[in-house]
Engineer: 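One structure is given below, represented as structure tokens, and several questions about it will come after.
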Amino acid sequence: MGTDPVSDALADLIRELGEGGRLPPERELAERLSVSRTALRDRLQLLEGLGVLRRRQGSGTYVQRLAPQGLEFALDLALSASHLSIESLHSVRVALERQAAREAARKGDPIAIAHVGKALADMEAAVTGEDIDRADFAFHQALLHATGNAALTFFADAMTGVLFRAVRQRRDRLKTHPRDKEVSVAAHRPLYDALLAGDENAAGQASDDHFQVWHDLFTHPRMERP
């Protein structure tokens, strides 16, 4: 947890205790870490706010599994404080989804890939821009979960609120395009086809191509897409 020795010590203790472990009483823990109870309480409150710790009245403080939403909240605050825009995180999303596409194709889970296909079908059947938004979001979420990679899924969920605002921003800009739905479907279908084929190289390339479509469209807004 950075260069703060108290936070580092708490992180080590949390790793040692594991999920469900109970922290020592506050007074004992403060003495163990050679820190004031006020300073310790500040760190504990931070960890509790992130969802790493949970206080049980009359019982103590316990380690709990961190939900992606806790990390998402911290990441959102950090980005806001750093004045980073959604656009500046574009390369992060591209890399994340490229890897997800490759792993999903390699794993080849038919049920998980069917969820990707369902989102694409919903996109094709969409009537309103909001329908396309929901289908677009569902497509990418299904793709990330189709990897079967718990770590990738965790970080993807944690970054959802930050990175997938880009979906809405992109949609707001695309609504003026005369072939709105066609562009969206055409940008996603090759990726789904690559997943069906179990071709991880094609899936990775299709993911990159998907993002290139939007880059080209916004760089040359009058460009017609197939």
Side-chain angles (χ1 to χ4, degrees), residues 19 51 65-76 86-87 89-171 174 180-217 225-226:
E19 183 181 359
R65 183 186 297 272
L66 176 64
Q69 292 77 15
L71 184 57
E72 178 184 353
F73 176 70
L75 179 60
D76 200 5
I86 296 298
E87 289 80 4
L89 294 176
H90 179 70
S91 60
V92 176
R93 185 183 173 199
V94 171
L96 181 69
E97 294 213 22
R98 179 192 306 121
Q99 183 63 24
R102 293 180 62 88
E103 292 192 22
R106 186 187 314 134
K107 185 174 180 61
D109 182 335
I111 295 177
I113 293 175
H115 286 297
V116 179
K118 171 64 165 54
L120 180 61
D122 288 344
M123 195 181 302
E124 293 178 311
V127 175
T128 67
E130 288 70 23
D131 292 337
I132 301 176
D133 279 349
R134 285 191 289 270
D136 191 334
F137 187 82
F139 183 99
H140 293 281
Q141 285 295 89
L143 169 65
L144 292 163
H145 284 271
T147 65
N149 182 326
L152 182 59
T153 300
F154 176 85
F155 284 107
D157 285 345
M159 299 174 76
T160 292
V162 176
L163 295 183
F164 284 93
R165 287 181 201 160
V167 172
R168 179 56 62 90
Q169 289 183 358
R170 186 186 68 201
R171 296 281 312 121
L174 188 58
D180 184 359
K181 185 168 71 173
E182 293 177 55
V183 172
S184 295
V185 171
H188 291 83
R189 178 168 292 285
L191 178 49
Y192 171 62
D193 291 341
L195 297 181
L196 281 178
D199 188 331
E200 63 180 282
N201 290 327
Q205 184 61 56
S207 180
D208 286 345
D209 291 345
H210 159 271
F211 288 106
Q212 190 63 44
V213 166
W214 308 120
H215 176 270
D216 290 346
L217 185 63
R225 307 302 302 177

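No hydrogens, no waters, no symmetry mates; every other heavy atom, side chains included, goes into these values. These numbers come from a predicted model, not from an experiment.
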Engineer: Which heavy-atom pair separates Ala105 from Ala194 by the least distance, and what is that distance?
Structural biologist: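 Distance-wise, the nearest heavy atoms are CB-O, 4.3 Å.
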Engineer: Between Asp131 (side chain) and Thr128 (backbone), is there a donor-acceptor pair under 3.5 Å?
Structural biologist: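 Yes: the side chain of Asp131 pairs with the backbone of Thr128.
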Engineer: Name the orientation class of the two ring planes belonging to His188 and His140 (parallel below 30°, tilted from 30 to 60°, perpendicular beyond 60°).
Structural biologist: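 Aromatic pair His188/His140 classed perpendicular.
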Engineer: Under the rule for salt bridge (Lys or Arg N to Asp or Glu O under 4.0 Å), what residues qualify as partners of Glu200, not counting sequence neighbours?
Structural biologist: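 Listed in chain order: Arg102, Arg106.
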Engineer: Side chains of Gln205 and Asp209 only: does a donor on one sit below 3.5 Å from an acceptor on the other?
Structural biologist: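 Yes - a donor-acceptor pair under 3.5 Å links their side chains.
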Engineer: Supply the atom-to-atom distance Leu144 CG to Gln99 CD, rounded to the nearest 0.5 angstrom.
Structural biologist: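 Rounded to the nearest 0.5 Å, the CG-CD separation comes to 11.0 Å.
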Engineer: Are the side chain of Lys181 and the backbone N or O of Met123 linked by a donor-acceptor pair below 3.5 Å?
Structural biologist: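 The answer is no, because no donor-acceptor pair under 3.5 Å joins these two groups.
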Engineer: How far does CG of Asp109 sit from NE2 of His115, to the nearest 0.5 angstrom?
Structural biologist: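 Nearest 0.5 Å value for the CG-NE2 distance: 8.5 Å.
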Engineer: Between Glu103 and Lys107, is there a side-chain N and carboxylate O pair less than 4.0 Å apart?
Structural biologist: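 So Glu103 does not pair with Lys107 through a salt bridge.
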Engineer: Measure the OG1-CG distance between Thr147 and Leu152 for me, rounded to the nearest 0.5 Å.
Structural biologist: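 CG of Leu152 is found 4.5 Å from OG1 of Thr147.
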Engineer: Hey, what do you get for CZ (Arg98) to NE2 (His210), rounding to the nearest 0.5 Å?
Structural biologist: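 Interatomic distance, Arg98 CZ to His210 NE2, rounded to 0.5 Å: 13.0 Å.
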Engineer: Locate the shortest heavy-atom distance separating Tyr192 from Gly117; write the atom from each residue and the value.
Structural biologist: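 It is CE1-CA, 3.3 Å.
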Engineer: Output all residues satisfying side chain to side chain contact (heavy atoms under 4.5 Å, CB included) with Ala101, sequence neighbours left out; order by chain, then residue number.
Structural biologist: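 Partners of Ala101 by the side chain to side chain contact (heavy atoms under 4.5 Å, CB included) criterion, ordered by chain and then number, come out as Leu143, Leu191, Ala203, Ser207.
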